[in-house]
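A short write-up of the structure that comes next.
The chain is numbered in sequence order, starting from 1.
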Amino acid sequence: MKITVVAVGKLKEKFYQQAVEEYAKRLSRYCRLEILQVADEKTPDGASGTVERQIKEKEGKRILSQIKDGAYVIALAIQGEMLTSEGLADRLSGLAVKGTGHIVFVIGGSLGLSDEVLQRADYHLSFSRMTFPHQLMRVILLEQVYRSFRIQNGEPYHK
């Protein structure tokens, strides 16, 4: 199975980069992982709703340009469905059983995802109703995908 993470913005902090590299190494046993970064837009202080929507639309076009036809798209969205780690493992396993060969996880920028990206997504996943830095979400996502593969394979993991 191929898993692609499309994320807005570059990882600026070295500790985030190191964590992503560590999980990418761990995941190499289970899948082909690809991490794609698209440029983020600067959001001016006090931006109006219209300006924020335009920023999300620009970032959204960049995200959509990275999604291949036929990929199953999971958008990380605060309003999405919350799952347990076992629930995510079951969902990913179910997709594999159905023959899904490519899953794309999408992480938006600081303002979230555009309506177009949310409409393209096959599933909306929420890790919490809380807001997390979008750079940290890459680490959290990769850890949970890694945990999902461990669960699927009956391998030990910390509960």
Side-chain angles (χ1 to χ4, degrees), residues 1-28 30-85 87-89 91-92 95 100-149:
M1 174 176 286
K2 180 176 181 181
I3 293 186
T4 300
V5 176
V6 179
V8 174
K10 292 182 180 177
L11 286 179
K12 297 176 181 112
E13 305 294 342
K14 188 173 184 177
F15 56 89
Y16 286 141
Q17 293 171 358
Q18 291 169 331
V20 165
E21 289 167 8
E22 177 62 26
Y23 281 109
K25 183 173 80 175
R26 292 181 186 190
L27 280 164
S28 67
Y30 303 102
C31 67
R32 288 178 295 128
L33 177 67
E34 175 183 43
I35 300 173
L36 303 173
Q37 299 179 137
V38 299
D40 58 345
E41 292 289 318
K42 300 299 177 231
T43 304
D45 290 338
S48 67
T50 301
V51 169
E52 288 186 356
R53 190 180 71 256
Q54 290 170 342
I55 289 169
K56 287 195 297 187
E57 286 172 1
K58 286 179 185 177
E59 292 174 348
K61 284 182 181 19
R62 293 179 190 133
I63 291 168
L64 292 170
S65 74
Q66 298 299 315
I67 298 173
K68 306 246 186 309
D69 290 341
Y72 186 90
V73 178
I74 299 176
L76 273 58
I78 201 165
Q79 68 275 19
E81 183 177 3
M82 285 192 276
L83 299 173
T84 62
S85 295
L88 180 60
R91 179 163 284 278
L92 296 180
L95 289 169
T100 303
H102 188 193
I103 298 173
V104 176
F105 287 93
V106 178
I107 302 172
S110 59
L111 298 175
L113 295 167
S114 69
D115 290 340
E116 293 81 6
V117 172
L118 292 170
Q119 289 168 7
R120 168 59 182 91
D122 298 291
Y123 183 71
H124 297 174
L125 175 64
S126 175
F127 280 87
S128 173
R129 295 292 179 235
M130 291 185 256
T131 302
F132 295 103
H134 58 282
Q135 292 187 18
L136 177 59
M137 278 312 302
R138 291 184 212 186
V139 178
I140 294 171
L141 172 64
L142 292 176
E143 189 281 331
Q144 285 298 305
V145 171
Y146 172 69
R147 185 178 296 260
S148 293
F149 281 112

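- One distance of note links CG of Leu141 with CG of Leu136; it measures 11.0 Å at 0.5 Å rounding.
- Between Arg138 and Tyr16 the shortest side-chain heavy-atom distance does not fall below 4.5 Å.
- Ring geometry for Phe149 versus Tyr30: interplanar angle under 30°, hence parallel rather than tilted (30 to 60°).
- Of the possible polar contacts, none joining the Thr100 side chain to the His102 backbone as a donor-acceptor pair under 3.5 Å is found.
- Rounded to the nearest 0.5 Å, atoms CG (Leu27) and CD (Glu22) are 10.0 Å apart.
- A donor-acceptor pair under 3.5 Å is absent between the side-chain atoms of Glu116 and the main chain of Glu57, judged by distance alone.
- Of the possible polar contacts, one joining the Gln135 side chain to the Lys10 backbone as a donor-acceptor pair under 3.5 Å is found.
- Considering only heavy atoms from C-beta on, Gln66 stays 4.5 Å or farther from Glu34 through its side chain.
- At most 12 non-hydrogen atoms from other residues, nucleotides or ligands lie less than 6.0 angstrom from NZ of Lys25.
- Using a distance-only test at 3.5 Å, with no hydrogens or angles considered, a donor-acceptor pair links the side chain of Gln17 to the main chain of Leu11.
- Using a 4.5 Å cut-off on side-chain heavy atoms (C-beta onward), Ile67 and Val73 make contact.
- The heavy-atom pair separating Ala39 from Arg62 by the smallest distance is O-NH1, 2.9 Å.
- Contact detail for Ile3 and Cys31: the closest heavy-atom pair is CD1-SG, 4.1 Å.
- Here the shortest heavy-atom pairing between Leu118 and Ala77 reads CD2-CB, 4.0 Å.
- Inter-residue side-chain proximity for Glu59 and Asp40 is flagged as met; some heavy-atom pair is nearer than 4.5 Å.
- Rounded to the nearest 0.5 Å, atoms CG (Leu95) and OH (Tyr123) are 10.0 Å apart.
- The closest side-chain heavy-atom distance from Gln79 to Ser126 is not below 4.5 Å.
- Proximity of a side-chain donor or acceptor of Arg129 to a complementary backbone N or O of Ile78 within less than 3.5 Å is detected.
- Remark: Gln119 CD to His124 NE2 distance equals 8.5 Å, nearest 0.5 Å.
- Minimum interatomic distance between Val8 and His134 (heavy atoms only, all atoms of both residues): O-CD2, 3.3 Å.
- Arg26 approaches Tyr146 most closely through the heavy-atom pair CB-CE1, 3.5 Å.
- With contacts defined as side-chain heavy-atom distances shorter than 4.5 Å, the pair Val20/Val5 does not qualify.
- Expressed to the nearest 0.5 Å, how far OH of Tyr72 lies from CZ of Arg91 amounts to 4.5 Å.
- Residues Leu88 and Leu125 meet the side-chain proximity criterion, which asks for heavy atoms closer than 4.5 Å.
- Atom OG1 of Thr43 is separated from atom NZ of Lys56 by 10.5 Å, given to the nearest 0.5 angstrom.
- For the pair Ile63 and Leu113, the minimum side-chain heavy-atom distance is below 4.5 Å.
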